[in-house]
Amino acid sequence: MRLSELLVFDDIVIQCHDNPDADALASGYALYLFFKRAGKEPYFMYRGFNKIGKSNLMIMLSEMEIPVHYEPDFDRVPELLITVDCQYGQRNVTKTEAKNVAIIDHHQVTVELPKLSEVRSNIGSCATVVWDLMREEGFPINADKVLMTALYYGLYSDTNKLSEMAHPLDRDMSDSLMFNEALIKQMSNSNISLGELLITGRAFLSNEYIDKDRCMVVEAEACDPCILGVISDFVLETDKVDVCVAFYSSPLEVKFSVRSCSKEVHANELAAFLAEGLGGGGGHLYKAGGTIRPEKLSEPAKDVIMKRLHEYYEAYTIMYAKDTVLDRTGMKLYEKVPQQVGVVRLRDIFPEFTRVDIRTLEGDISTQVESDTFLMIGIEGEVYPIKEEKLRRSYEVSDKPYEHTFEYAPSVKNAVTGDRFEVCKFAKAAVGKGGARIWAKPLTNYVKLFTAWDEEKYYAGVPGDYIACREDDEHDIYIIRSTLFDQLYFEVK
Ligand SMILES: [Mn+2]
């Protein structure tokens, strides 16, 4: 959906979820400004049993002059109702009758969505979704410091001070906003009420320690999700605790934060594992978080989390490629299908020795431009630097442009000037020379593989994925996704 599609309506009401948080308020406020600028008179409100009382939000409302109204008894029927940071029909938003409904959100979809909706479940905050929609309409976001501060604070508080932020679009927004730092500081230091301080203290007493996995689980009472970040960060400081899951369970949602300082447990992967099929989870290698829908649980959240943690630790076999030789039983010989990839000579975009940041769906990579540095764009949009010599050994580079679109277009930024370019626009097509042969077989178990070239970060494989080694180097072991294997390899008969 584009925001301009909503401009056919005149009588517009924007509604946050009940007990609004900073993200809901920021998103609604941004939309309010968008419609104002388009000549409309939008009405911005929230409902439910409680009026906003948390001190950080009180500061936000007064310092930013956010025109939101508390309307527990709202009974007008507007032409268009937009619910932000929630989905119309969900239990956390009081139902308002309306002739038309639009939804803008970033949670898991749990209702049947109306035609007018924009729900991006893998984005860190609703503010990011609104920011992207407004940007698309050419709204001068960067001319309004209050708006930028509101959007930033929405993302900041929904991702535990950005630490659980996972999507590159969130990073794009946080990089581009020039916000009022003093105000952010003031709000984030008024985040915990005295009541919540007691919740934090009581939560520590309810801990469950899994000795053999050096893992601690802490249950808190329902609270502001930021408390979970505080708890899990603190617990991880403890000797003999390498992984921590802090969670609370309320009738509306189960929220959890994951922290890990073990190189054998990626927090984002564990978060995704805990929530699989029940909600969503993700973040970074060391810090992550997620949500579980309570209606999908048939037993207490704590039991589910403990069971899944147990399964997680049981399931994975850890392998270090440099000390491993795969058992060839059941393996077949395959050859690589000549693949079309995209390549960019960075020297064509940036002066030599420029430091650049490459942003991809998997994360940011920094490198320095040298005359022989190329970027390679793989078939899933993964981007990585490669030296010209290595590139030419395995690929035939053409003069034809590389035409491809991905869910998130990879981009590269000059780290000094901040100028950003979409990588694909500069890419030329290249085709693999083929000939490389591997031994491979499908995995029947979960594996974490530390490859020979990266001993810090593992690659996870699940049953169905392929484990392979090069025919000419038995320690060059890697994992190939089941969804890609047939596109990438054919069997040598
Ligand atoms: Mn939110």
Side-chain angles (χ1 to χ4, degrees), residues 14-32 44-48 50 52 54 56-57 60-61 64 66 68 82-94 102-111 113 117-134 147-167 169-174 177 179 184 187-188 191 222-229 248 250 252-257 271 275 279-283 287-294:
I14 303 161
Q15 183 180 0
C16 298
H17 52 77
D18 303 353
N19 303 306
D21 57 9
D23 185 35
L25 292 168
S27 308
Y29 175 56
L31 285 174
Y32 173 88
F44 180 25
M45 68 167 188
Y46 68 98
R47 304 183 60 190
N50 307 310
I52 293 172
K54 276 202 70 167
N56 60 324
L57 299 179
M60 182 179 182
L61 294 189
M64 300 189 189
I66 292 187
V68 69
I82 309 170
T83 66
V84 286
D85 199 32
C86 60
Q87 294 159 32
Y88 188 76
Q90 278 176 336
R91 279 182 295 173
N92 65 342
V93 51
T94 301
I103 293 176
I104 300 177
D105 190 22
H106 71 121
H107 293 90
Q108 301 291 317
V109 176
T110 65
V111 300
L113 295 176
S117 59
E118 186 70 21
V119 180
R120 301 194 204 159
S121 306
N122 48 358
I123 303 278
S125 73
C126 189
T128 311
V129 179
V130 174
W131 170 79
D132 196 38
L133 290 171
M134 285 170 69
L147 169 61
M148 288 192 282
T149 308
L151 290 169
Y152 183 84
Y153 191 54
L155 175 65
Y156 182 88
S157 31
D158 253 31
T159 56
N160 249 318
K161 305 187 178 176
L162 310 185
S163 69
E164 295 173 9
M165 176 169 78
H167 199 280
L169 198 65
D170 295 318
R171 289 198 291 270
D172 285 348
M173 179 171 90
S174 79
L177 298 176
F179 52 89
I184 296 287
M187 291 187 293
S188 69
N191 211 2
C223 58
D224 189 308
C226 78
I227 307 290
L228 297 178
Y248 69 73
S250 84
L252 293 174
E253 62 181 0
V254 178
K255 272 218 158 261
F256 62 88
S257 282
K287 298 186 176 200
T291 313
I292 292 172
R293 307 291 321 160

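Read the numbers this way: they start at 1 and go in the same order the structure lists the ligands and their atoms. Position 1 is the first residue of the sequence, and the numbers go up from there.
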Given OD2 of Asp23 on one side and OD1 of Asp85 on the other, what angle do they make at the Mn ion (ligand 1), to 10°?
-> 90°
Quick one: pull up CG in Asp224 and CG in Asn56 and give me the separation to the nearest 0.5 Å.
-> 7.0 Å
Given side chains that start at C-beta, do those of Cys226 and Asn160 come closer than 4.5 Å, heavy atoms only?
-> yes
Is the Mn ion (ligand 1) less than 2.8 Å from an N/O/S atom of Asp158, whether that atom is in the backbone or a side chain?
-> yes
His106 N/O/S atom closer than 2.8 Å to the Mn ion (ligand 1) = yes
Side chain of Asp170, backbone of Gly124: donor and acceptor closer than 3.5 Å?
-> yes
Indicate yes or no: at least one non-hydrogen side-chain atom of Asp132 is less than 4.5 angstrom from one of Ile123.
-> no
